[in-house]
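Data first, discussion second: the structure below is written as structure tokens.
In this text, all values refer to a predicted model and were calculated from it rather than measured experimentally. These numbers come from the heavy atoms of this one structure, side chains and all, not from hydrogens, waters or symmetry mates.
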Amino acid sequence: MNDRPAGAAGIGRADVGDRPVRTGTDITASAAVRYALVPVPKLSLDTVAHLSGLHPELIRRFVALGLVDAERDAAKHLVFDPTAPAVLARIQRLRSGLCLNYASIGLVLDLLDRISLLEAALRGRGPRSETPPWT
């Protein structure tokens, strides 16, 4: 017996018992369903600064601009995902390689993430037709 109202499962998903199952018709649903089996350790501001080679104040500015995601712990200190040093390196490459300001870097990062999602969706769909490509 399902206690949820009809349509609560979401577009592009079907529920089997209590376990959500992706049907592959909705890109955002497949990216949103994630289950953590173990807690992911968070990195402190000092650790991220050391790993990325950047000053902690610059990292705080990136957080204020929304370029890097951070949370606050119980002591109100910034904590980061383990992927934060890679994101900071990407920001630095865009800044030095393309001479972009930090406001435009946010836009470029959003566009690159969207392109990655669309390319992943295209790879999942397979070839467009039965005939081989002409090349």
Side-chain angles (χ1 to χ4, degrees):
M1 174 107 187
N2 193 355
D3 295 335
R4 284 182 274 182
I11 299 172
R13 291 178 44 183
D15 285 348
V16 177
D18 292 334
R19 185 175 56 106
V21 177
R22 288 185 233 135
T23 60
T25 59
D26 188 13
I27 296 170
T28 58
S30 63
V33 177
R34 294 185 184 181
Y35 298 102
L37 298 177
V38 294
V40 177
K42 299 290 184 175
L43 301 176
S44 69
L45 177 62
D46 292 332
T47 305
V48 171
H50 176 69
L51 290 173
S52 64
L54 299 175
H55 195 274
E57 186 59 35
L58 182 60
I59 296 172
R60 282 190 193 99
R61 288 183 187 171
F62 288 161
V63 171
L65 288 170
L67 298 176
V68 179
D69 294 330
E71 299 173 359
R72 299 269 179 185
D73 62 359
K76 305 291 183 197
H77 295 114
L78 287 174
V79 290
F80 298 87
D81 286 332
T83 60
V87 172
L88 290 168
R90 190 178 196 189
I91 291 169
Q92 290 302 104
R93 283 193 311 271
L94 287 171
R95 172 89 171 147
S96 64
L98 298 177
C99 298
L100 298 174
N101 62 14
Y102 292 125
S104 60
I105 287 176
L107 178 64
V108 170
L109 289 174
D110 289 342
L111 291 173
L112 289 173
D113 290 341
R114 186 174 176 124
I115 289 169
S116 296
L117 285 173
L118 292 172
E119 286 177 343
L122 283 175
R123 279 192 299 272
R125 291 172 68 181
R128 289 186 230 173
S129 66
E130 299 283 327
T131 59
W134 61 276
T135 56

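The shortest distance between side-chain heavy atoms of Phe80 and Val63 falls below 4.5 Å. Looking only at side-chain heavy atoms (C-beta outward), Val108 and Leu100 come within less than 4.5 Å of each other. Between Tyr102 and Leu58, some side-chain heavy-atom pair lies under the 4.5 Å cut-off.
Ile91 and Leu51 fall within a single hydrophobic cluster, where Ile, Leu, Val, Met, Phe, Trp and Tyr side chains are chained together by heavy-atom contacts under 4.5 Å. A chain of hydrophobic side-chain contacts below 4.5 Å, direct or via other Ile, Leu, Val, Met, Phe, Trp or Tyr residues, connects Leu88 to Leu98. One hydrophobic cluster, built from ILVMFWY side chains closer than 4.5 Å, holds both Leu112 and Leu65.
For the atom pair CG (Asp46) and NE2 (His50), the distance works out to 10.5 Å, reported to the nearest 0.5 Å. Put simply, CG on Asp113 and OG on Ser116 are 6.0 Å apart, with the number rounded to the nearest 0.5 Å. Separating the CD1 atom in Ile59 from the CG atom in Leu67 is a distance of 12.0 Å, to the nearest 0.5 Å. Here CG of Leu109 is found 15.0 Å from CZ of Arg114. Values are rounded to the nearest 0.5 Å. The CG atom of Leu78 sits 12.0 Å away from atom CG of Leu43, with the distance rounded to the nearest 0.5 Å. Atom CG of Asp110 and atom CD1 of Ile105 lie 12.0 Å apart (nearest 0.5 Å).
Residue pairs meeting the salt bridge (charged side-chain N to carboxylate O under 4.0 Å, His left out) criterion with at least one member in residues 52-71, sequence neighbours excluded, are Lys42-Glu71, Glu57-Arg60.
Considering all non-hydrogen atoms of both residues, Pro85 and Asp81 come closest at CD-O, 4.3 Å.
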